[in-house]
Amino acid sequence: MSKESTQNHQRYTITAALPYTNGPIHIGHLAGVYVPADIYARYLRLKGHDVAFICGSDEHGVAIPMKAKKEGVTPMQIIDKYHSLIKDSFERFGIAFDNYSRTSAPVHHKTASDFFTKLHGQDDFIEEVTEQLYDEEAHQFLADRFVTGTCPRCGNPEAYGDQCESCGSSLNATDLIDPKSTITGSKPVLRETRHWFLPLDRYQDFLKEWILVGHKADWKPNVYGQVKSWIDEGLKPRAVTRDLDWGIPVPVKGGEGKVLYVWFDAPIGYISSTKEWAEREGKDWEPYWKDKDTKLVHFIGKDNIVFHCVIFPVMLHAHGDYVLPENVPANEFLNLEGQKLSTSKNWAVWLHEYLEDFPGREDVLRYTLTANAPETKDNDFTWKDFQARNNNELVAIFGNFVNRVMVLTQKYYDGKVPEAGSLQEIDRQTLEEVQKAPALIGKAIENYRFREASQQLMNLARLGNKYLADEEPWKQIKTDPERVQSIMYVAIQITAALAVVSEPLLPFTSAKLKAMLSPEKEFTPDWKAVTEAEALIPSGTVLGKAELLFSKIEDKDVSEQLEKLENTKKMNEAANKTAEPQKETSTFDDFTKMDLRVGTIIEAEKMPKADKLLVLKVDTGIDTRTVVSGIAKSFKPEDIIGKQVTVLVNLAPRKLRGVESQGMILMTENKEGKLVFVNPDEAGVTNGTIIS
RNA sequence: GGCGAGGUAGCUCAGUUGGUUAGAGCGUCGGAUUCAUAACCCGGAGGCCACGGGUUCAAAUCCCGUCCUCGCUACCA
């Protein structure tokens, strides 16, 4: 039994990762973060706990103004658009946040600002001055992505400051030849800039003690392992400010023109969102963050582990007043039909599109994603599996059982719940099983095993189906109608239990079922009642009309979705085919400066301790020279020996991992992204022949 | 290259500190049934637990090595 579940907590603060408002959200987000968090929060509420389930939009960071610029709108328009789209998707999927805020809210600006000021006042930051590119016309420092220039490696004149999209190298903006600001087009200058750093290295011991010792047993292996890896590598100070004008201004002297780094301000968003909620509800927010009897749990995806397990806890710890998270149950990633979800490649099932394609089937997606959640490793979502889960489990087992009970009750008793009569052993046993369900499901949820919880829920419906099959009321009605009263009484209690325990996982279905069971007045039994109440639905209650809870998903529905994905794929391929625009004019002189020769690879071996590099010996006709080439992912050394290639022989030599590279092999890329050589069309060209 | 997480039935996954014959759901095959959305219920088949060593009376589980997948990190035309 883990340490955390044996403790008694007075209240729970549950957070779900703040979605970034530069795009809509998809099933990966839902499966990994929001559905599990929602199940957890709903479950705790049903148990009568004091819960604050907190989320909001993350609206700062350099990607927002960049996207705005690209689309010719203001950053505000971007965040407003996606904030409402995302918020709406959550609401429609029944993700029942107590509060959904946004980091552009004044309460957040103040909270984050105060937080920074407090740490600053305690000397919890260190300051450092570095040289960064500065746009004198726009009067601002330039984030790497706001700089373009000529790639020092491949000569592509359109390389970004952080990466050259032509050759794939990752760069520093200061490496670019002839850099240009994308804001004004002017040439940026190097200017000194001061930044604040959170010295994570100071907290090495604290983290070791708190996580490596304290949470060895109760944190998930993937989370624990990743954190251990970071701590073992040694933590370094991390900048918490940026030269940018979009975000929360740095509230101390010297902070003019700078904002808090988005990853500093975002997790504080949980706190501000809690404040906003407390204010609205007339509550005090502080116990939810500062009382040691509060259990704080962060639901996130694995990409956020470092921020929630290292950086934010260090911030909270340094501040001094706050509790630390008791668990950070990060999930792995969800793939879609065998491929990674990708916002930029549009390889995703977008929630707002699902809601249109499958109206009224919010629970189906919730269930499918839960039953196959990426809890311990990356998982694959397929539409075929989605269909199978719906048709074989929700329809055939859950929905069908409920329908059988409703129809039989209607048929035999005009919908009125019969007397229990004298219960037999099988009845008592069955009811006992039903009473165990909340504990089984609850334990799974408390241990963040949502897949298991979904199966336990389904097992309760299975129990009902088996009970009916064994007792055969449709046969007994002919010979022993009194017995049938008991049977149907029991079956109805199982149905009622399903209505209660399905609420965290299938809130829409639960509501529908409750309305069916108790059309006159609200159906109120809570989690505990399933185990303790004499009867969830008393005899004499008149049930409502039988309605199907779920309907089949046809092959056609599946093939339509697959087709949609195929189209996406084709569009992506087409988009990749569009050639990049022609580069700026180069003179004949420029060209003749490059000495291109035909050469032959005569030796090739892997560069030790590097993944992508091969060390080649090339016969250039002039000499035999060493060329280091980053092609190891596309070729095995033994396969390219003897290959004739094109070599840029007068490229300035450059040392790569200690080996001097004396030239460059010309490469291009095929459709699959595999590198291919650019070489003479026919054999028999002599090495050293000039290419012109 | 370093680190982390995975590798168990055709598929998706459980297997608690080593301990009977390795489990579940789906799929498949067979049976039974008709209240129910041809659904439910019962049963069978299906496993070199990635691979190779080792520790042990006993290994899916612990140790060493190798391979594969994913991630972090280094390096990168």
Side-chain angles (χ1 to χ4, degrees), chain A residues 1 151-156 164 166-171 217 220-233 302-303 305-306 332-333 335 340 371-382 384-385 388-389 391-397 399-412 447 449 451-452 454-455 458-459 461-462 464-477 484 487-488 491 546 548-552 606-614 616 627-634 648 651 654 656-658 661 663-667 669 675:
Chain A
M1 182 66 15
C151 173
R153 310 274 156 73
C154 72
N156 166 31
C164 170
S166 170
C167 71
S169 15
S170 61
L171 306 168
K220 291 170 61 164
N222 57 339
V223 177
Y224 184 89
Q226 186 61 55
V227 173
K228 188 172 184 304
S229 168
W230 279 84
I231 295 176
D232 289 349
E233 264 178 48
K302 68 173 165 182
D303 50 332
I305 290 174
V306 67
E332 300 286 301
F333 286 154
N335 294 326
K340 275 182 219 180
N372 190 28
E375 281 173 8
T376 55
K377 61 174 183 188
D378 291 359
N379 270 349
D380 197 23
F381 175 93
T382 66
K384 200 168 162 255
D385 189 57
R389 291 274 182 198
N391 293 359
N392 301 330
E393 297 181 26
L394 292 176
V395 174
I397 297 169
N400 185 36
F401 169 67
V402 171
N403 190 45
R404 295 169 85 182
V405 173
M406 295 299 293
V407 168
L408 285 172
T409 308
Q410 206 56 246
K411 193 182 264 183
Y412 300 152
N447 288 316
R449 300 168 68 122
R451 272 193 315 229
E452 184 182 322
S454 72
Q455 287 316 299
M458 207 44 72
N459 282 343
R462 287 195 172 98
N465 277 320
K466 181 166 166 51
Y467 178 75
L468 285 185
D470 289 347
E471 297 313 304
E472 301 180 301
W474 49 91
K475 272 191 187 165
Q476 302 258 30
I477 194 76
V484 174
I487 296 170
M488 289 316 298
L548 296 180
L549 293 177
F550 303 100
S551 57
K552 287 209 159 183
K606 266 208 77 195
M607 169 84 82
K609 303 191 179 191
D611 267 1
K612 297 186 182 173
L613 296 181
L614 292 185
L616 310 176
V627 176
V628 179
S629 188
I631 56 175
K633 290 249 157 111
S634 297
L648 176 59
L651 183 72
R654 184 189 162 93
L656 300 170
R657 284 205 77 91
S661 180
M664 187 170 123
I665 311 279
L666 265 51
M667 310 293 302
E669 209 171 79
L675 295 172

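Numbered from 1 within each chain, the chains take letters A, B, ... in sequence-line order. Just so it is clear, the structure is predicted and the values come from calculations on it, not from any experiment.
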Asker: Taking the side chain from A/N403 and the backbone from A/A546, do they hold a donor-acceptor pair closer than 3.5 Å?
Answerer: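 Not a single qualifying donor-acceptor pair exists.
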Asker: Applying the Watson-Crick and G-U wobble criteria at under 3.5 Å, what pairs with B/U16? Answer none if nothing qualifies.
Answerer: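 Across all strands, not a single nucleotide pairs with B/U16.
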Asker: Measure from the side chain of A/K411, starting at C-beta and using heavy atoms only, and say which of B/C35, B/C72, B/C70 lies closest.
Answerer: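 When the side chain of A/K411 is considered, B/C35 is the closest of B/C35, B/C72, B/C70.
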Asker: Can you tell me, in whole Å, how much space there is between the P of B/G52 and that of B/A59?
Answerer: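 Those two atoms are separated by 15 Å.
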Asker: Which nucleotides of nucleotides 22-28 of chain B have their base under 4.0 Å from a protein heavy atom (B), which only their sugar-phosphate (S), and which neither (-), written as one string 5' to 3'?
Answerer: ---SSS-
Asker: How far, in whole Å, is B/A24 from B/G44 if one measures between their P atoms?
Answerer: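 Per the computed distance, 10 Å lies between those P atoms.
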Asker: Mind checking if A/S661 touches a base, just sugar-phosphate, or nothing, with heavy atoms under 4.0 Å?
Answerer: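 Contact class for A/S661: none.
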Asker: With respect to the side chain of A/L613, which nucleotide from B/C40, B/C41, B/C75 is positioned closest?
Answerer: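 Side chain of A/L613 sits closest to B/C75.
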Asker: Given the P atoms of B/A50 and B/U16, what is the spacing between them in whole Å?
Answerer: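 Between the two P atoms, the distance is 14 Å.
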Asker: Reckon A/N222 touches a base, only the sugar-phosphate, or nothing at all at heavy-atom distances under 4.0 Å?
Answerer: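 Sugar-phosphate only.
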Asker: Rounded to whole angstroms, how far apart are CD1 on A/I477 and C1' on B/U34?
Answerer: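 A/I477 atom CD1 is separated from B/U34 atom C1' by 15 Å.
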Asker: Rounding to a whole Å, what distance do you find between A/W230:CH2 and B/A5:P?
Answerer: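 A/W230 atom CH2 is separated from B/A5 atom P by 16 Å.
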Asker: Name the closest nucleotide to the A/Q226 side chain, picking from B/C72, B/C3, B/A36.
Answerer: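 Of all the options, the side chain of A/Q226 is nearest to B/C72.
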Asker: Taking all heavy atoms of A/I305 and all of A/N222, pick out the closest pair and write down the distance.
Answerer: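 That would be CD1-O, 4.3 Å.
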Asker: Could you check which nucleotide pairs with B/C62 in any of the strands shown, counting Watson-Crick or G-U wobble with both distances under 3.5 Å?
Answerer: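 Looking at the geometry, B/C62 pairs with B/G54.
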Asker: Does a nitrogen or oxygen in the side chain of A/K552 sit under 4.0 Å from OP1 or OP2 of B/A38?
Answerer: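 False: A/K552 side-chain N/O out of range (4.0 Å or more) of B/A38 OP1/OP2.
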Asker: How long is the line joining CG of A/N403 and P of B/A38, in whole Å?
Answerer: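 Checked: the CG to P distance equals 10 Å.
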Asker: By nearest nucleotide on RNA chain B, pick out whichever of A/L394 and A/E472 is the more 5' one.
Answerer: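 The answer here is A/E472.
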Asker: Quick one: do A/K302 and A/D378 make a salt bridge, cutoff under 4.0 Å?
Answerer: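 Yes, charged N to carboxylate O under 4.0 Å.
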Asker: If you look at every heavy atom in A/Y412 and A/W474, which pair is closest and at what distance?
Answerer: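 Taking every non-hydrogen atom into account, OH-CA, 3.2 Å.
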Asker: Report the distance from atom NZ of A/K228 to atom C1' of B/C72, rounded to the nearest whole Å.
Answerer: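 Those two atoms, NZ and C1', are 15 Å apart.
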Asker: How is A/P221 classified with respect to the nucleic acid when contacts are heavy atoms under 4.0 Å: base, sugar-phosphate, or nothing?
Answerer: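 Sugar-phosphate, no base atom in range.
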Asker: Has A/K384 got more than 12 heavy atoms of other residues, nucleotides or ligands less than 6.0 Å from its NZ?
Answerer: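 Not more than 12 within 6.0 Å, no.
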Asker: Is it the case that the side chain of A/K466 and the backbone of A/A461 share a donor-acceptor pair, with hydrogens and angles ignored and the cut-off at 3.5 Å?
Answerer: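 Flag not set: sc A/K466 to bb A/A461 has no pair under 3.5 Å.
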Asker: Could you measure between the two P atoms, the one in B/G18 and the one in B/C57, and give it in whole Å?
Answerer: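 Taking atom P in both B/G18 and B/C57, they lie 16 Å apart.
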Asker: When both hydrogen-bonding distances must be under 3.5 Å and the geometry is Watson-Crick or G-U wobble, what is B/C72 paired with, if anything?
Answerer: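 Partner of B/C72: B/G2.
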Asker: Take atom NZ of A/K466 and atom C1' of B/C35, then tell me their distance rounded to the nearest Å.
Answerer: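 Checked: the NZ to C1' distance equals 17 Å.
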Asker: Taking the same atom, C1', in B/A14 and in B/A22, what whole-Å distance lies between them?
Answerer: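 Nearest-Å result for B/A14 against B/A22 at atom C1': 11 Å.
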Asker: Could you tell me the Watson-Crick or G-U partner of B/C67, where both distances fall under 3.5 Å? Say none if there is no partner.
Answerer: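 Check on B/C67: paired to B/G7, both distances under 3.5 Å.
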Asker: Roughly how many Å is it from CE in A/M458 to C1' in B/C40, rounded to a whole number?
Answerer: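 Interatomic distance, CE of A/M458 to C1' of B/C40: 14 Å.
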Asker: Using the side-chain heavy atoms of A/R449, tell me which of these nucleotides is nearest: B/C35, B/G4, B/G15.
Answerer: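 Between B/C35, B/G4, B/G15, the one nearest the side chain of A/R449 would be B/G15.
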Asker: Given atom NZ of A/K384 and atom P of B/U12, what is their separation to the nearest angstrom?
Answerer: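 Spelled out: NZ on A/K384 to P on B/U12 is 11 Å.
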Asker: From the set B/A14, B/G6, B/U73, return the single nucleotide nearest to any side-chain atom of A/K377.
Answerer: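 Shortest atom-to-atom distance from the side chain points to B/G6.
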Asker: Of all heavy-atom pairs between A/A373 and A/R451, which one has the smallest distance, and what is that distance?
Answerer: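 Shortest heavy-atom contact: O-NH1, 3.1 Å.
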Asker: Searching all strands shown, indicate the nucleotide that pairs with B/G27 (Watson-Crick or G-U wobble; both distances under 3.5 Å).
Answerer: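 Pair assignment: B/G27 / none.
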Asker: Could you tell me how far B/U21 sits from B/G43 if I compare only their P atoms? Round to whole Å.
Answerer: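 Pairwise P distance, B/G43 against B/U21, rounds to 22 Å.
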Asker: What integer number of Å spans the P atoms of B/U8 and B/G15?
Answerer: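 Nearest-Å result for B/U8 against B/G15 at atom P: 14 Å.
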Asker: Once you apply a heavy-atom cut-off of 4.0 Å, does A/F550 come out as touching a base, just sugar-phosphate, or nothing?
Answerer: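 The answer is base, as A/F550 lies within the cut-off (heavy atoms under 4.0 Å) of a base atom.
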Asker: I'd like the P distance from B/A32 over to B/C42, given in whole Å.
Answerer: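 So the two P atoms sit 16 Å from each other.
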Asker: State whether the side chain of A/S229 and the backbone N or O of A/G225 hold a donor-acceptor pair below 3.5 Å, judged by distance alone.
Answerer: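 No, A/S229 side chain to A/G225 backbone: no donor-acceptor pair under 3.5 Å.
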Asker: Closest-nucleotide mapping onto RNA chain B: is A/K340 or A/L408 further toward the 5' terminus? I mean the 5' end.
Answerer: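 Result: A/L408.
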Asker: Tell me which nucleotide, if any, is Watson-Crick or G-U wobble paired with B/U21 when both distances must be under 3.5 Å.
Answerer: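 Across any shown strand, B/U21 pairs with none.
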Asker: Taking any heavy-atom pair under 4.0 Å as a contact, classify A/V395: base, sugar-phosphate, or nothing.
Answerer: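 Contact class for A/V395: base.
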Asker: Can a side chain N or O of A/R451 be found less than 4.0 Å away from OP1 or OP2 on B/A14?
Answerer: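 Yes, because at least one side-chain N or O of A/R451 sits under 4.0 Å from OP1 or OP2 of B/A14.
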Asker: Ignoring backbone atoms, establish whether A/S229 has a side-chain N or O less than 4.0 Å from OP1 or OP2 of B/A5.
Answerer: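 No, outside the criterion.
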Asker: Atom CE of A/M607 and atom P of B/A74: how far apart are they, to the nearest Å?
Answerer: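 So the two atoms are 17 Å apart, to the nearest Å.
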